[in-house]
Structures are given as structure tokens and as C-alpha cells.
Amino acid sequence: NAGVTQTPKFRILKIGQSMTLQCTQDMNHNYMYWYRQDPGMGLKLIYYSVGAGITDKGEVPNGYNVSRSTTEDFPLRLELAAPSQTSVYFCASRPRQGTNYGYTFGSGTRLTVV
Amino acid sequence: DAKTTQPTSMDCAEGRAANLPCNHSTISGNEYVYWYRQIHSQGPQYIIHGLKNNETNEMASLIITEDRKSSTLILPHATLRDTAVYYCIVRVAGPMDSNYQLIWGAGTKLIIKP
């Protein structure tokens with residue numbers, strides 16, 4: 001199993017540009033999450049999904065959108081990039097209800113908006 | 001805001017046991033305590049979790065006080081590779097228990113010294 005795969009690993013965007021951060025997992029996990037992490041801080045939840053076709057907002061959803069058309073993929077979309085979105089983005093997944101396994105994280109996407 | 005309090009940083013000698021404390025005085029009866037670690041900008045890694053009883057796995061032990069207001073993560077024989085930021089997190093249950101969210105604080109930076 002590859003686990004959780006994120007692409008790209010690094011990206012520089014200009015203000016106002018858009019991009020999609022890709023996240024895919026091959027563990028058949030129902031639950032998927034997007035977090036951002038600013039320097040020296042803990043992770044903040046952007047969006048999450050409990051299954052294909054279902055998404056919900058987390059703590060800091062403004063400026064982002066997500067979709068979940070398949071169990072495997074959970075892309076994060078930035079429509080109008082702003083300097084405040086400079087951060088490291090992590091995608092995570094975990095098995096469904098009834099288990100208490102921890103999250104599996106991807107290796108992150110480091111995004112700089114200039 | 002995070003519901004846990006951890007020291008900002010700690011040192012430990014290689015080969016010794018590393019004991020990382022965490023206060024969670026407002027924890028509810030059905031909330032779990034999770035521990036993750038993050039090694040230098042990588043994605044966080046699940047370590048262990050518990051509810052009431054002490055837990056042990058191949059990575060660490062988790063000691064939870066009887067009143068559940070604090071816990072200690074123990075790495076029995078710390079190595080240089082255990083240098084990381086360690087996060088103690090209380091699991092916040094969502095509208096359905098299945099979609100719980102993790103609220104991350106800033107964690108404890110543990111430095112293992114030769």
C-alpha cells in the first residue's frame with residue numbers, strides 16, 4: 001500500500017491564481033481530511049469527508065473547496081490564492097466508524113503564495 | 001482552542017525513557033486521548049490513544065491518571081530518531097461519533113541528545 005499520496009510536494013503561486021492539491025489513498029478509508037499547518041503551529045482542519053459524495057467544513061474553510069467523487073480521492077481547490085494561504089497542507093485518512101485507529105497522513109504540500 | 005496543555009520543549013538523553021506530560025483537565029467521560037508526533041515537517045504519525053486504562057504498543061506507553069485530567073506518554077528507550085514534536089490531543093466527538101475531529105495544539109518539541 002502506498003498509503004496517502006499528496007501532489008505536488010512544493011508549489012509557488014501568484015496572488016489570484018488557482019490550483020488543486022491532490023490527495024489519494026489506497027487503504028479504502030472512508031474518512032478523509034485536509035489540514036493546514038503554519039510555522040510553529042499545530043494543524044487546523046480545513047475540510048473533511050466521511051465518504052464519497054459527502055463533505056463538510058472544518059475550522060478554517062474560507063478560500064478553499066473540496067470534492068469527494070470517489071473513496072480514493074479528495075482534492076483541495078484554492079480558487080483565488082492569497083498570501084494568507086501560504087502554509088503546509090496535509091491530507092489524512094482513517095478507517096470508518098467503529099474503529100479507533102489513528103489517522104494516516106500524507107507527506108504534505110508546501111505552498112507559497114507571492 | 002486546543003483542550004490540552006503541554007510543555008513547549010523537553011530534552012532527554014539517548015537510551016533513557018522520555019516522559020511527556022499532558023494536562024486535559026476539562027476532558028469529558030467519553031473523550032479519548034490521542035498522541036501523534038511530527039518529525040521535521042513530515043506528516044504527523046499516530047503513536048497511541050487511550051480512554052481510561054493505560055495502553056502500550058510497540059512505540060510507546062500511555063499512562064492516564066485515575067481522574068483522567070492528565071496523561072503521560074512514555075518512550076521507553078529514546079533514540080535520536082525520536083526527536084520530534086509530540087502532540088497530545090483530546091478527541092472531540094462530532095454530531096455522529098464516527099466523524100470525530102482532532103483539535104491540535106502546538107505540541108512539545110522533544111530533543112533527544114546523544
Side-chain angles (χ1 to χ4, degrees), chain A residues 2-7 9-10 21 23 25 27 29-51 54-61 68 87-112, chain B residues 1-9 20 22 24 30-53 55 57-60 62 64 73 84-109:
Chain A
V4 177
T5 302
Q6 291 184 238
T7 57
K9 293 190 183 301
F10 303 93
L21 283 67
C23 175
Q25 52 91 10
M27 300 171 285
H29 286 175
N30 288 74
Y31 299 98
M32 297 188 74
Y33 305 82
W34 273 106
Y35 287 91
R36 61 175 286 172
Q37 185 176 33
D38 298 329
M41 307 293 287
L43 280 67
K44 290 187 182 296
L45 182 64
I46 305 172
Y47 271 95
Y48 67 99
S49 169
V50 300
I54 305 170
T55 63
D56 210 343
K57 295 178 180 179
E59 186 181 359
V60 289
R68 186 93 182 272
S87 190
V88 181
Y89 292 83
F90 290 103
C91 179
S93 71
R94 72 172 181 92
R96 61 181 298 166
Q97 176 184 5
T99 62
N100 275 307
Y101 301 130
Y103 292 15
T104 299
F105 281 83
S107 57
T109 295
R110 188 175 298 273
L111 176 66
T112 303
Chain B
D1 291 339
K3 297 173 63 175
T4 63
T5 303
Q6 299 177 253
T8 303
S9 64
L20 291 89
C22 180
H24 30 79
N30 62 347
E31 289 182 321
Y32 287 77
V33 178
Y34 280 77
W35 283 84
Y36 284 77
R37 72 181 183 182
Q38 189 173 25
I39 298 174
H40 189 56
S41 300
Q42 297 178 18
Q45 177 189 22
Y46 166 78
I47 301 173
I48 199 168
H49 73 276
L51 181 63
K52 295 180 181 179
N53 300 322
E55 303 288 344
N57 62 21
E58 65 278 4
M59 289 183 67
L62 175 60
I64 302 175
L73 178 75
V85 177
Y86 287 77
Y87 296 95
C88 169
I89 304 163
V90 170
R91 185 185 109 176
V92 179
M96 298 186 296
D97 186 64
S98 58
N99 65 345
Y100 70 82
Q101 298 180 32
L102 299 179
I103 308 298
W104 300 70
T108 295
K109 183 172 179 56

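Worth saying up front: this structure is predicted, and the values here are computed from it rather than measured. Chain letters run A, B, ... following the sequence lines, proteins first and then strands; every chain starts at 1.
Annotation: A:M27, atom CE; neighbour count of heavy atoms from other residues, nucleotides and ligands within 6.0 Å is above 12.
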Using the ring pair (Phe, Tyr, Trp, His ring centres under 6.0 Å) rule, take A:F90 and B:W104 through it: C-alpha gap first, then chi angles, then the decisive distance, then the call.
CA-CA 13 Å; A:F90 290 103; B:W104 300 70; 9.1 Å; no
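Of the atoms belonging to A:Q6, not a single heavy atom falls under 4.5 Å from chain B. Heavy atoms of A:L43 lying under 4.5 Å from chain B belong to its backbone as well as its side chain.
With sequence neighbours excluded, no residue forms a salt bridge (Lys or Arg N to Asp or Glu O under 4.0 Å) with A:K57.
Looking at heavy atoms from C-beta onward, B:Y36 lies in side-chain contact with A:Y103 at the 4.5 angstrom threshold.
Contact between B:A106 and A:G40 at its shortest, heavy atoms only, is CB-O, 4.2 Å.
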